[in-house]
A.B. asks: 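Below is a structure I'd like to ask you about.
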Amino acid sequence: QVRLVESGGGLVQAGGSLRLPCAASGSISTIYSMAWYRQAPGKQRELVASITRCGSTNYADSVKGRFTISRDNAKNTVYLQMNSLKPEDTAVYYCNADIRNTLAVWRNYWGQGTQVSVSS
């Protein structure tokens, strides 16, 4: 029953910004780590940024200084603020989270993905 839903994707010009929210819903007890991944055509899925429940963050070298990950534990939501976007940021962005449900079962979940396209 637990679901992750991303939104906020779209087309933007190079140098522009987008903010992607991902909301978790369902029979949730605790959300531990949350993260954003992306997959460009012909490439492997890669980790963009991650954040622990206490707020510790980690970023891919390619997005450091441009992207910011944050979370609102009360709303079970993680955000990815993307600034100074480049054409190479074009990809499908996926939300990911480690979640313990109300039956005390821990699992990793994926969202359906949202397309981000950056034009030059």
Side-chain angles (χ1 to χ4, degrees):
Q1 190 176 349
V2 173
R3 301 283 181 83
L4 296 178
V5 180
E6 308 99 326
S7 60
L11 177 64
V12 64
Q13 290 184 300
S17 299
L18 284 174
R19 184 175 179 84
L20 308 181
C22 172
S25 63
S27 302
I28 298 170
S29 177
T30 307
I31 301 178
Y32 298 99
S33 296
M34 301 188 81
W36 284 95
Y37 288 76
R38 67 185 181 187
Q39 187 166 24
K43 295 185 177 181
Q44 296 185 93
R45 187 172 298 185
E46 65 174 343
L47 176 66
V48 177
S50 63
I51 184 168
T52 68
R53 184 171 179 80
C54 65
S56 296
T57 59
N58 186 43
Y59 297 91
D61 289 341
S62 60
V63 306
K64 287 181 179 177
R66 299 189 298 120
F67 291 10
T68 302
I69 188 170
S70 61
R71 64 188 288 172
D72 186 332
N73 292 338
K75 296 181 179 179
N76 290 334
T77 300
V78 63
Y79 305 89
L80 184 66
Q81 177 66 47
M82 304 185 293
N83 298 325
S84 301
L85 284 162
K86 304 175 181 179
E88 51 263 44
D89 294 319
T90 295
V92 176
Y93 284 70
Y94 296 91
C95 182
N96 178 269
D98 295 316
I99 301 173
R100 187 186 187 191
N101 67 18
T102 54
L103 296 179
V105 176
W106 180 91
R107 291 177 180 175
N108 183 261
Y109 296 86
W110 288 95
Q112 81 289 343
T114 185
Q115 177 71 50
V116 172
S117 298
V118 184
S119 62
S120 60

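Just so you know, these numbers use all the heavy atoms, side chains as well, and skip hydrogens, waters and symmetry mates. Each residue takes its place number in the sequence, starting with 1.
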A.B. asks: Do Gln81 and Ser17 come within less than 4.5 Å of each other through their side chains, counting heavy atoms only?
C.D. replies: yes
A.B. asks: Counting distance only, does the side-chain N/O of Glu6 pair as donor-acceptor with the main-chain N or O of Gln112 below 3.5 Å?
C.D. replies: yes
A.B. asks: Any chance you could measure Lys43, atom NZ, to Glu88, atom CD, to the nearest 0.5 Å?
C.D. replies: 8.0 Å
A.B. asks: Report the residues that fulfil salt bridge (charged side-chain N to carboxylate O under 4.0 Å, His left out) with Arg66, sequence neighbours left out, ordered by chain and then residue number.
C.D. replies: Asp89
A.B. asks: Can you get from Leu47 to Val92 by hopping between Ile, Leu, Val, Met, Phe, Trp and Tyr side chains that sit under 4.5 Å apart?
C.D. replies: yes
A.B. asks: Could you list all the side-chain hydrogen bond (donor to acceptor under 3.5 Å, both in side chains) pairs where at least one residue sits in residues 97-107, not counting sequence neighbours?
C.D. replies: Asp98-Asn108
A.B. asks: Is Arg53 close to Arg71 at the side-chain level, that is, under 4.5 Å between some pair of heavy atoms?
C.D. replies: yes
A.B. asks: Is any side-chain heavy atom of Arg38 less than 4.5 Å from a side-chain heavy atom of Tyr94?
C.D. replies: no
A.B. asks: Can you confirm whether Ser33 sits close enough to Ser50 that some side-chain heavy atom of one is under 4.5 Å from a side-chain heavy atom of the other?
C.D. replies: no
A.B. asks: Compare every heavy atom of Ala14 with every heavy atom of Ser120, then report the nearest pair and how far apart it is.
C.D. replies: CA-CB, 4.3 Å
A.B. asks: For Arg45 and Ala40, indicate whether the former's side chain and the latter's backbone hold a donor-acceptor pair under 3.5 Å.
C.D. replies: no
A.B. asks: If we count only N and O atoms by modelled type, under 3.5 Å, do the side chains of Ser27 and Gln1 hold a donor and an acceptor together?
C.D. replies: yes
A.B. asks: Check which hydrophobic residues are tied to Val12 through side-chain heavy-atom contacts below 4.5 Å, counting indirect links as well, and list them.
C.D. replies: Val2, Leu4, Leu18, Leu20, Ile28, Ile31, Met34, Trp36, Val48, Ile51, Tyr59, Val63, Phe67, Ile69, Val78, Leu80, Met82, Leu85, Tyr93, Ile99, Tyr109, Val116, Val118
A.B. asks: Does a donor on one side chain sit under 3.5 Å from an acceptor on the other, for Glu46 and Gln39?
C.D. replies: no
A.B. asks: Is Arg19 close to Tyr79 at the side-chain level, that is, under 4.5 Å between some pair of heavy atoms?
C.D. replies: yes
